[in-house]
Each structure stands twice: as structure tokens, then as C-alpha cells.
Amino acid sequence: MKKELPIILAMTGASGAIYGLRMLQYLVSVKQPVELVLSRAAIRVMQEEHDLKVDETKNALENIFHFLNIDTNCKTVKLHDLLDYGATISSGSYKTRGMVILPCSAGTLGALAHGLSENLVHRAASVCLKERRPLVIVVREMPFGQIQLKNMLALSEAGAIVSCASPGFYHRPRTVMDQIDFVVGRVLDQMDLDNSLFKRWKEESPQFVYE
Ligand SMILES: Cc1cc2nc3c(=O)[nH]c(=O)nc-3n(C[C@H](O)[C@H](O)[C@H](O)COP(=O)(O)O)c2cc1C
């Protein structure tokens with residue numbers, strides 16, 4: 001049987017840690033192997049937004065699993081050290097389905113647009129670009145300055161799929177989770193991963209009622 005290639009999921013220090021966490025939860029639920037990388041700022045944001053403490057000990061993944069109600073025996077997620085340039089995903093010869101950066105900070109966006117490789121997020125992303133594997137970045141900043149806009153254009157021209165965390169409303173979300181799932185689902189679409197996290201256009205949808 002063909003072994004399922006892993007997806008690289010990186011979370012960086014933009015607001016909206018819940019997007020990346022929800023994606024991780026979904027990928028685990030469908031048994032999709034995940035290579036996870038967290039920037040230092042992502043860890044800080046998780047603490048600010050969810051009181052989720054992810055220290056740099058071996059318990060880090062356990063804390064995330066606990067937060068997401070994932071069985072702590074789960075073996076499909078590998079958490080990498082941010083500065084481990086010898087990690088599997090730092091080499092193009094290690095095959096993956098591609099990479100998602102969710103959320104992507106303006107800082108990481110700038111680093112990628114200029115080919116920097118100061119941590120494993122940058123390195124794994126530039127590997128995906130050179131290997132012509134899908135790289136989806138979901139930028140969260142408001143408003144965008146010219147530097148961010150130029151960096152997004154540069155990355156798009158280099159082959160990345162550039163998105164921002166902007167949920168639609170045509171699927172009639174009822175909860176914040178509905179909106180999060182819309183963004184996560186559309187990113188999964190870009191990675192060619194079937195999902196039914198949100199109601200698609202013209203799919204039967206319940207009437208939205210403000211509560
Ligand atoms: C609570 C919090 C929220 C933040 N939100 C954003 C954001 O939405 N977008 C952004 O580009 N940076 C945001 N930042 C700043 C980044 O974390 C910071 O620029 C950091 O250097 C990014 O590093 P990284 O790209 O390695 O994760 C936020 C920081 C904190 C602590």
C-alpha cells in the first residue's frame with residue numbers, strides 16, 4: 001500500500017492560532033500524517049489567545065493534544081524543533097504533500113519573500129517552493145502595508161498560494177467555529193484534501209438566524 005505523504009503544518013505568530021489548531025485537529029481526525037512546526041511567536045500567541053501553554057519540553061505536543069481533545073497516544077503528528085535544520089522537512093529529498101502556514105505572520109511572510117532561512121518554518125517553505133510542492137500561506141494582518149502587499153505578490157509569483165484569514169458569509173455561519181472551519185476547509189481545498197468542514201456554494205444550507 002502507498003504510504004500517505006505527510007503535510008507540513010507551520011503556525012507562526014499572527015493572531016488566529018485557532019485556525020492552525022483546528023487544522024491540526026482535523027488532519028489528525030482523518031489520519032493524515034502531519035509534520036508540525038511552531039514559531040516562538042506562535043507559542044506566545046497560543047498562550048495569549050487560549051491560555052495554552054506550549055513550553056519547549058517533550059510535553060509540548062501533549063499539551064496541544066489535550067487542548068484539542070486528541071488522544072495523547074496519537075502517532076501521526078511529529079513536532080519539530082524550530083531550529084533543527086537537520087529535520088526531515090528541511091530537505092527536498094524528503095517527500096511531502098506540501099506545506100500550510102496557518103496563521104502566517106507578516107514577519108514570516110517577509111522572510112519567505114526574501115528567501116531567508118532563519119528557522120525551520122522558512123527552510124521548509126523554501127524547500128516546497130523549489131520542489132514545486134504546494135505552499136499555502138494564510139496571512140493575518142490588518143491593514144496590509146505596501147511591504148506586505150509586495151511580499152505577497154512576490155510569493156505568489158514564486159508559486160505560493162497566498163490567502164488571508166477572511167471567512168466568507170455565504171455559507172451562513174452560525175458560530176465562530178463555522179467561520180474558522182470555512183477558512184480551514186478552503187485551505188484544505190488548496191491542498192487537494194477532501195473535506196466537508198463548511199457548506200459549499202449551492203449546497204443545501206440552513207437559514208441563518210441571528211441569535
Ligand atoms: C498576541 C499577539 C498577536 C499578534 N498578531 C499578529 C498578527 O495578527 N499579524 C502579524 O503579522 N503579527 C502579529 N503579531 C506579531 C508577531 O508575533 C511578531 O511579528 C513575530 O516576530 C512573528 O514571528 P514569527 O513570524 O517567527 O512567528 C502578534 C503578536 C502577539 C503577541
Side-chain angles (χ1 to χ4, degrees), residues 7-24 27 34-57 60-61 63-64 67-68 77-87 89-90 98-130 134-156 158-168 176-177 179-184 186-187 190:
I7 279 188
I8 305 167
L9 172 60
M11 293 175 60
T12 64
S15 185
I18 191 66
Y19 289 114
L21 291 167
R22 177 67 171 144
M23 170 150 294
L24 178 65
L27 293 174
V34 179
E35 310 273 353
L36 182 65
V37 198
L38 309 171
S39 76
R40 300 278 181 268
I43 288 170
R44 170 68 189 272
V45 172
M46 278 191 262
Q47 190 165 338
E48 297 289 343
E49 295 186 338
H50 300 287
D51 285 333
L52 173 54
K53 285 196 171 47
V54 180
D55 50 27
E56 288 151 38
T57 68
L61 201 52
N63 294 349
I64 293 177
F67 180 79
L68 295 174
V77 182
K78 159 91 182 138
L79 175 63
H80 292 280
D81 186 305
L82 184 65
L83 296 180
D84 182 7
Y85 297 105
I89 56 174
S90 70
M99 178 169 183
V100 172
I101 307 183
L102 177 63
C104 181
S105 73
T108 291
L109 169 73
L112 301 188
H114 291 86
L116 302 189
S117 189
E118 291 185 331
N119 64 39
L120 189 56
V121 177
H122 307 163
R123 172 62 190 164
S126 69
V127 165
C128 284
L129 288 177
K130 83 179 174 72
L135 169 65
V136 183
I137 65 167
V138 186
V139 186
R140 217 297 325 172
E141 183 58 294
M142 194 174 165
F144 293 124
Q146 283 194 28
I147 291 174
Q148 285 96 49
L149 291 167
K150 284 178 184 164
N151 286 341
M152 283 192 263
L153 180 60
L155 273 177
S156 177
I161 299 159
V162 180
S163 319
C164 58
S166 58
V176 174
M177 276 318 286
Q179 292 176 287
I180 291 160
D181 280 353
F182 178 91
V183 171
V184 172
R186 293 292 288 123
V187 173
Q190 299 304 316

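For ligands, and for the atoms within them, numbers begin at 1 and follow the listed sequence.
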> Taking atom NZ as the centre, does Lys130 end up with more than 12 heavy-atom neighbours from other residues, nucleotides or ligands that are less than 6.0 angstrom away?
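Enclosed: over 12 neighbouring heavy atoms sit under 6.0 Å from NZ of Lys130.
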> Could you list the residues that satisfy side-chain contact (heavy atoms from CB on, under 4.5 Å) with Leu153, not counting sequence neighbours?
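Expected list: Glu157.
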> Given a heavy-atom cut-off of 4.0 Å, could you list the residues near ligand 1 in chain and number order?
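Residues within 4.0 Å of ligand 1: Thr12, Gly13, Ala14, Ser15, Ser39, Ala41, Arg44, Val45, Glu48, Ser105, Ala106, Thr108, Arg140, Glu141.
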> Among residues at least two apart in sequence or on other chains, which ones pass ring pair (Phe, Tyr, Trp, His ring centres under 6.0 Å) with Phe67?
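Partners of Phe67 under the ring pair (Phe, Tyr, Trp, His ring centres under 6.0 Å) test: His50.
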> Of the non-hydrogen atoms in Val45 and Ser15, which two are nearest, and what is the gap between them?
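So the minimum-distance heavy-atom pair works out to CG1-CA, 4.2 Å.
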> What pairs with Arg22 under side chain to side chain donor-acceptor pair (under 3.5 Å), at least two apart in sequence or on another chain?
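Partners of Arg22 by the side chain to side chain donor-acceptor pair (under 3.5 Å) criterion, ordered by chain and then number, come out as Gln25, Asp181.
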> For the CD1 atom of Ile137 and the CD1 atom of Ile161, what is their distance to the nearest 0.5 Å?
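These two atoms lie 10.0 Å from each other.
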